[in-house]
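Counting from 1, the numbers follow the sequence of the chain as shown. Only this structure's heavy atoms are used, side chains among them; waters, hydrogens and symmetry mates stay out.
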Amino acid sequence: MKYGISLFVAVILVSLAGTAVAALPVGGKAPMFTAQASLGGTVYTYSLAKALQKGPVVVYFYPEAFTKGCTIEAHDFAEAMPKYKALGATVIGVSRDDIEVLKKFSVSECRSKFPVAADPDGSITRSYDAVMPILHKYARRVSYVIAPDGTVIYEYTDLNPEHHVANTLKALRAWGQAHGRGNG
């Protein structure tokens with residue numbers, strides 16, 4: 001229960017600190033990264049640059065694997081994977097958890113539908129301005145949609161996991177229509 005209590009404290013502190021936090025700007029370039037990731041319990045090296053060669057990528061940050069909100073969000077992304085694929089997009093979740101935790105999370109909560117990357121030193125989280133205020137050992141819940149050229153085309157920050165999937169799908173549909181790629 002140590003994870004639940006620490007995340008509960010983080011949620012309270014962030015709520016008290018307010019929601020005005022920095023994020024990567026829409027229209028800016030997303031930092032490229034490689035990281036250990038797990039898909040279906042199998043560990044491999046994930047490269048954002050390589051993923052973008054195949055189409056747009058949703059990079060979403062979440063505070064901690066196996067906590068209530070992060071589990072809900074992982075389930076939502078897993079259920080929506082056919083919609084992302086129809087839009088030519090992929091998804092990668094990123095947290096400060098180590099790869100051993102994410103091996104389990106990728107199977108049970110991500111349902112082996114999309115990978116999750118380990119960022120134990122926080123370097124990716126910092127480069128995406130996704131560090132949680134006050135409790136810097138956690139990532140904020142923020143989702144980015146990145147175009148194949150590396151441009152951030154959408155950003156959404158909300159500790160509540162409820163709208164991240166719907167909002168990123170909407171952004172991908174709008175981007176696809178603007179670039180003659182249909183609406184999935």
- Query: So do the side chains of V59 and L48 get within less than 4.5 Å of each other, counting heavy atoms only?
  - Reply: yes
- Among side-chain atoms of T71 and E73, is any donor-acceptor pair under 3.5 angstrom? no
- Should L87 and P56 count as side-chain neighbours, where that means a heavy-atom distance under 4.5 Å? no
- By side-chain contact (heavy atoms from CB on, under 4.5 Å) - contacts of A117 (at least two apart): A35, A37, I92, V94
- side-chain contact (heavy atoms from CB on, under 4.5 Å) partners of K29, counting only residues at least two apart: D149, T151
- Note on the structure: Residue set satisfying side chain to side chain donor-acceptor pair (under 3.5 Å) with D158, at least two apart, ordered chain then number -> Y156
- Query: After noting the C-alpha distance and the side-chain angles of V58 and L169, does the key distance pass the side-chain contact (heavy atoms from CB on, under 4.5 Å) rule?
  - Reply: CA-CA 9 Å; V58 173; L169 284 169; over 6 Å; no
- Note on the structure: Interatomic distance, CD@Q36 vs CG@D98, rounded to 0.5 Å, equals 9.5 Å
- Message: Determine whether a donor-acceptor pair (N or O, by modelled atom type, separation under 3.5 Å) exists between the side chain of S106 and the backbone of G41.
- Response: yes
- ring-ring contact (aromatic ring centres under 6.0 Å, His included) partners of F77, counting only residues at least two apart: Y60, Y84
- Who are the side-chain contact (heavy atoms from CB on, under 4.5 Å) partners of S47, not counting sequence neighbours? T34, A49, K50
- Of all residues at least two apart in sequence or in a different chain, which pass the side chain to side chain donor-acceptor pair (under 3.5 Å) check with N167? Y154
- Query: Should L102 and S95 be marked as a side-chain contact (heavy atoms from CB on, under 4.5 Å) after you check the CA-CA gap, both sets of side-chain angles, and the distance that decides it?
  - Reply: CA-CA 9 Å; L102 295 181; S95 75; 3.8 Å; yes
- Mutual orientation of the aromatic rings belonging to Y128 and F61 [parallel < 30°, tilted 30-60°, perpendicular > 60°]: tilted
- Query: Which heavy atom of C110 sits nearest a heavy atom of V116, and at what distance?
  - Reply: SG-CG1, 3.6 Å
- Sequence neighbours excluded, every pair satisfying salt bridge (charged side-chain N to carboxylate O under 4.0 Å, His left out) that has a member inside residues 108-122: E79-R111
- Message: Show the nearest heavy-atom pair for residues I99 and S38, with the distance to one decimal.
- Response: CD1-N, 4.0 Å
- Item | Donor-acceptor pair, side chain of R96 and main chain of P120, under 3.5 angstrom | yes
- Note on the structure: Correct closest heavy-atom pair for F105 and A74 would be CZ-CB, 3.8 Å
- Please name the pair of heavy atoms, one in G150 and one in L52, separated by the smallest distance, quoted to 0.1 Å. CA-CD1, 4.1 Å
- Item | With sequence neighbours excluded, residues passing side-chain contact (heavy atoms from CB on, under 4.5 Å) with S112 | V107
- Task: Go through the structure and list residues passing salt bridge (charged side-chain N to carboxylate O under 4.0 Å, His left out) with E100, not counting sequence neighbours.
- Result: K103
- Item | side-chain contact (heavy atoms from CB on, under 4.5 Å) between E64 and V101, worked out | CA-CA 10 Å; E64 189 171 42; V101 169; over 6 Å; no
- Taking every non-hydrogen atom, the tightest pair across C70 and P63: SG-CD, 3.4 Å
- Could you go through the side-chain contact (heavy atoms from CB on, under 4.5 Å) check for I146 and I153 one step at a time? CA-CA 6 Å; I146 303 167; I153 59 174; over 6 Å; no
- Does one hydrophobic cluster hold both Y62 and I72, with members joined at side-chain heavy-atom distances below 4.5 Å? no
- Message: Please report the interatomic distance CG(L24) to OG(S127), rounded to the nearest 0.5 Å.
- Response: 7.5 Å
